[in-house]
Amino acid sequence: MPINYYIILSITLFCIGIVGVLTRRNAIIVFMCIELMLNAVNLLMVAFSKMHHLKNAAINASAGSEGQLFVFFIMVVAAAEVSVGLAIIVMLYRNTHSVDINFLNRLKH
Amino acid sequence: MGITAILFWTLSTLAVFSALMMVVSKNPVYSVLWLILVFFAISGHYLLMNAQFLAIVNIIVYAGAIMVLFLYVLMLMDLKKDTEQKRNRGILFAGVLAGGCLLLVLVAALLKTDEASVLVQTQVGNIGLIEELGKILFKEYLIPFEVSSILFLSAMVGAVVIGKK
């Protein structure tokens, strides 16, 4: 497959995630949209690593595997981020009995 | 149109449709289920590119662990009573417009590039196999791997500290 198909697919998923973050007000769904954006980037990174491998396989047999390792580390960081973020959302719910992000306005005071 | 193209288009359609359904569905539980479908479609893409390790890790970590965590948190909360009050039309319009503009700009920039049709290797190639990635991970990226374990430990401590109060 040509790389531009993968790029367009990733851009589409990323923009859907952005629209979700901007329009939804439920904190959990906003968080899930951020996960979707991370996954779009991961997909693009794997596609680029396979493109790089196809180009440079003759010079270096393991060309492109760094990209896939980076995706692995992104997944690790995302898992850590989700655990802390969901703990914060649970705290928000306990204090305000709602997960509406508009309530976070009161952090200003 | 070969089998690769058919699989690519099927998985892409599934991913985009499920992502859209995730954003528009009213019930958060349905959103989680649609997002799991997106993750499975992306894992299918990884398999198509023969990145078997990442496909399995994506299913185990994302669809398995993270989304179950989301579902647990949703079940802990009683969200029935405040199903998002009426949305602000202006914000909805502005958000869709902003996302659409970003999509337009990025796609337009992509169409201007010269090397847009470089091929991606599908179905073959062994850089995505567990053996290859494991060798590189434990030879050249050992220190980042160990640092990520410290990251996990600190995230665990942080989650417990935040959730305990």
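Any value given below was found using the heavy atoms of this structure, including those in side chains, with hydrogens, waters and symmetry copies removed. Chain letters run A, B, ... following the sequence lines, proteins first and then strands; every chain starts at 1.
- Interface summary for chain A: among B:Ile91, B:Leu35, B:Leu151, the most heavy-atom pairs under 4.5 angstrom belong to B:Leu35.
- Taking CG from A:Leu43 and CD1 from A:Ile7, the interatomic distance works out to 11.0 Å, rounded to the nearest 0.5 Å.
- Ring geometry, B:Trp9 versus A:Tyr5: the interplanar angle falls from 30° to 60°, so the pair is classed tilted.
- Cluster annotation: A:Leu54 is not connected to B:Ile127 through the hydrophobic network of ILVMFWY side chains, with a link wherever side-chain heavy atoms come within less than 4.5 Å.
- The greatest number of non-hydrogen atom pairs below 4.5 Å with chain A, out of B:Val61, B:Val57, B:Leu137, is found for B:Leu137.
- With a 4.5 Å cut-off on non-hydrogen atoms, A:Phe73 touches chain B through its side chain but not through its backbone.
- For A:Met1, the parts sitting under 4.5 Å from any heavy atom of chain B are the backbone and the side chain alike.
- Both the backbone and the side chain of B:Val32 have a heavy atom closer than 4.5 Å to some heavy atom of chain A.
- Side-chain contact between B:Pro28 and A:Ile28 is absent, with no heavy atoms from C-beta onward closer than 4.5 Å.
- You'll find the side chain of A:Glu81 reaches within 4.5 Å of the side chain of A:Glu35, heavy atoms only.
- Neither the backbone nor the side chain of B:Phe93 comes within contact range of chain A; no heavy atom of the residue lies under 4.5 Å from a heavy atom of that chain.
- Heavy-atom pairs under 4.5 Å with chain A peak, among B:Gly100, B:Gly2, B:Pro144, at B:Pro144.
- B:Lys135 NZ to B:Leu129 CG: the interatomic distance, rounded to the nearest 0.5 Å, is 10.5 Å.
- Minimum interatomic distance between A:Leu9 and B:Ser12 (heavy atoms only, all atoms of both residues): CD2-OG, 3.6 Å.
- The candidate with the highest count of non-hydrogen atom pairs below 4.5 Å against chain B, out of A:Val84, A:Val82, A:Val46, is A:Val46.
- Only the side chain of A:Leu38 has a heavy atom closer than 4.5 Å to any heavy atom of chain B.
- Proximity to chain A is limited to the side chain of B:Leu48, based on heavy atoms less than 4.5 angstrom apart.
- Most heavy-atom pairs under 4.5 Å with chain A, from the set B:Ala94, B:Ser31, B:Ser154: that is B:Ser31.
- Heavy atoms closer than 4.5 Å to chain A are found in both the backbone and the side chain of B:Phe70.
- B:His45 and A:Tyr6 have perpendicular rings, their planes meeting at more than 60° on a 0 to 90° scale where under 30° would count as parallel.
- Both the backbone and the side chain of A:Ile11 have a heavy atom closer than 4.5 Å to some heavy atom of chain B.
- Summarising the geometry, atom CZ belonging to A:Arg25 is positioned 11.0 Å from atom OG1 belonging to A:Thr23; distances are rounded to the nearest 0.5 Å.
- Residue A:Leu69 holds its CG atom at 5.0 Å from CG of B:Leu133, rounded to the nearest 0.5 Å.
- Note on ring orientation: taking the six-membered ring where Trp is involved, the planes of B:Phe53 and A:Phe72 are tilted (angle from 30° to 60°).
- With a 4.5 angstrom heavy-atom cutoff, B:Val38 touches chain A only via side-chain atoms.
- If you take CD on A:Glu66 and CE on A:Met45, they are separated by 10.5 Å, rounding to the nearest 0.5 Å.
- With a threshold of 4.5 angstrom between heavy atoms, A:Val77 approaches chain B through its backbone and through its side chain.
- Of the residues considered (B:Tyr141, B:Tyr62, B:Tyr72), B:Tyr62 shows the highest number of contacts with chain A, using heavy-atom pairs under 4.5 Å.
- The residue among A:Val19, A:Ile89, A:Val21 with the most heavy atom pairs within less than 4.5 Å of chain B is A:Val19.
- Looking at A:Ile18, the atoms closer than 4.5 Å to chain B (heavy atoms on both sides) all sit in the side chain, from C-beta outward.
- B:Ala98 touches chain A through its side chain: at least one heavy atom from C-beta onward sits under 4.5 Å away, while N, CA, C and O do not.
- Listed options B:Gly163, B:Ala155, B:Gly99 were ranked by heavy-atom pairs under 4.5 angstrom with chain A; first place goes to B:Ala155.
- Counting heavy-atom pairs closer than 4.5 Å to chain B, the top-ranked of the candidates A:Gly85, A:Ser83, A:Gly17 is A:Ser83.
- If you measure heavy-atom distances from B:Phe145 to chain A, the contacts under 4.5 Å come from both the backbone and the side chain.
- For A:Leu13, the part lying under 4.5 angstrom from a heavy atom of chain B is the side chain only.
- With a 4.5 Å cut-off on side-chain heavy atoms, B:Phe40 and B:Ile59 count as touching.
- Comparing A:Asn39, A:Val90, A:Val76 by heavy-atom pairs within less than 4.5 Å of chain B, the highest count is held by A:Asn39.
- Closest approach of B:Ala41 to B:Leu14, counting heavy atoms only: CB-CD2, 4.0 Å.
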